[in-house]
Amino acid sequence: MSIFDGFARPPCAETLGWELIEADEATGTIRVRMEGKPAFCNPGGNIQGGFVAAMLDDTLGPTVLVKSGGAYYCATISLNISYLAPARPGSFTGVGRIVQLGKTVAFLEGELFDAEGRCVARATASARVVSTSGLDRS
């Protein structure tokens with residue numbers, strides 16, 4: 001059983017094929033798998049940068065939910081991405097971690113790796129910490 005089982009799955013996670021690989025509640029570090037679909041490609045055949053950003057955002061945000069034991073999630077304030085290599089369609093692994101978690105703001109970082117293990121993008125983010133009390137838990 002995962003902390004995520006207690007919450008409704010967001011449509012954006014469905015679109016990206018989001019799947020939890022592992023989560024460390026002590027550190028808030030997570031590893032997730034997502035699918036870069038051909039429908040996400042730009043004219044050059046690479047995953048469009050906005051989809052890469054969405055994958056990274058969906059890698060970083062859940063770290064707060066994990067670290068807080070399901071008491072809090074986060075809303076992204078800023079997301080900074082370095083695109084390191086073309087992202088081709090296929091499977092991706094996101095690794096996200098908490099740099100610092102305060103009462104109202106979290107600082108996060110992570111990477112997105114392609115199926116060959118190549119880091120295609122890195123991200124840092126700041127996010128507002130929000131109680132999960134109003135979230136759909138179906």
Side-chain angles (χ1 to χ4, degrees):
M1 180 137 197
S2 152
I3 191 73
F4 298 98
D5 295 336
F7 298 93
R9 189 172 170 95
C12 58
E14 290 290 334
T15 299
L16 296 172
W18 193 97
E19 176 188 348
L20 180 67
I21 299 170
E22 67 181 322
D24 181 345
E25 190 174 312
T27 64
T29 301
I30 68 166
R31 285 187 33 193
V32 296
R33 183 174 298 115
M34 288 170 272
E35 188 65 25
K37 300 172 186 171
F40 298 171
C41 287
N42 62 25
N46 299 310
I47 304 294
Q48 194 266 346
F51 286 101
V52 172
M55 288 184 206
L56 281 162
D57 199 27
D58 264 10
T59 297
L60 302 181
T63 60
V64 172
L65 189 72
V66 167
K67 176 73 174 168
S68 70
Y72 298 96
Y73 72 103
C74 65
T76 305
I77 296 170
S78 68
L79 180 65
N80 302 292
I81 300 172
S82 296
Y83 297 95
L84 305 175
R88 303 290 296 169
S91 181
F92 290 89
T93 301
V95 178
R97 65 196 150 275
I98 295 172
V99 175
Q100 184 175 338
L101 179 59
K103 292 180 182 180
T104 58
V105 175
F107 297 93
L108 314 166
E109 66 182 12
E111 298 84 29
L112 188 66
F113 299 92
D114 66 14
E116 287 75 43
R118 177 179 57 157
C119 184
V120 297
R122 296 179 48 93
T124 58
S126 58
R128 184 170 51 91
V129 176
V130 182
S131 171
T132 59
S133 61
L135 291 182
D136 181 4
R137 294 189 183 243
S138 54

With a 4.5 Å limit on heavy-atom distance, are the side chains of C74 and L108 in contact?
yes
Mind checking whether L79 and V130 sit in one hydrophobic cluster, side chains of I, L, V, M, F, W, Y counted as touching below 4.5 Å?
yes
Treat each ILVMFWY residue as a node, draw an edge where side-chain heavy atoms are under 4.5 Å apart, and state whether V120 and F113 are in one component.
no
Could you tell me which non-hydrogen atom of A121 sits nearest to which non-hydrogen atom of V52, and how far apart they are?
CB-CG1, 3.7 Å
With a 4.5 Å cut-off on side-chain heavy-atom distances among I, L, V, M, F, W and Y, is there a chain of contacts connecting I30 to I81?
yes
Closer than 3.5 angstrom, by distance alone: can the side chain of S131 be matched with the main-chain N or O of Y72 as a donor-acceptor pair?
no
For the residue pair P86 and R118, what are the closest heavy atoms and their distance?
O-NH2, 3.1 Å
For N46 and R88, what are the C-alpha separation, side-chain angles and deciding distance, and is it a side-chain contact (heavy atoms from CB on, under 4.5 Å)?
CA-CA 5 Å; N46 299 310; R88 303 290 296 169; 3.1 Å; yes
Just verifying a value: how many Å separate L112 CG and R122 CZ, rounded to the nearest 0.5 Å?
12.0 Å
From E19 CD over to S91 OG, what is the distance, rounded to the nearest 0.5 angstrom?
8.5 Å
Atom pair OG1/CZ of T104 and R128 - distance to nearest 0.5 Å:
9.5 Å
Taking the side chain as C-beta and beyond, is there a heavy-atom pair between T93 and R31 under 4.5 Å?
yes
Between L16 and F92, is there a side-chain heavy-atom distance shorter than 4.5 Å?
no
D24 side, atom CG; R97 side, atom CZ - distance, nearest 0.5 Å:
12.5 Å
Would you confirm whether K37, through its side chain, and T15, through its main-chain N or O, come within 3.5 Å as a donor-acceptor pair?
yes
With clusters defined by side-chain heavy atoms of hydrophobic residues (ILVMFWY) lying less than 4.5 Å apart, directly or transitively, does I98 cluster with V95?
no
Which atom of Y83 lies closest to which atom of G49, heavy atoms considered:
OH-O, 3.0 Å
With no hydrogens and no angle check, is any side-chain donor or acceptor of T132 less than 3.5 Å from a backbone partner on G70?
yes
Which value, rounded to the nearest 0.5 Å, describes the distance between N42 atom CG and I47 atom CD1?
8.5 Å
Non-hydrogen atoms of V66 and G28 that approach each other most closely
CG1-CA, 4.3 Å
Is there side-chain contact between V32 and I21, with heavy atoms separated by less than 4.5 Å?
no
Donor-acceptor contact below 3.5 Å, side chain Q48 vs main chain G50:
yes
Between OG on residue S78 and CZ on residue F107, distance to nearest 0.5 Å:
8.0 Å
Which pairs of donor and acceptor atoms, one on a side chain in residues 56-65, lie under 3.5 Å apart (sequence neighbours left out)?
residue: D57; atom: OD1; partner: T76; partner atom: OG1; Å: 2.7
residue: T59; atom: OG1; partner: M55; partner atom: O; Å: 2.8
residue: T63; atom: OG1; partner: L60; partner atom: O; Å: 2.6

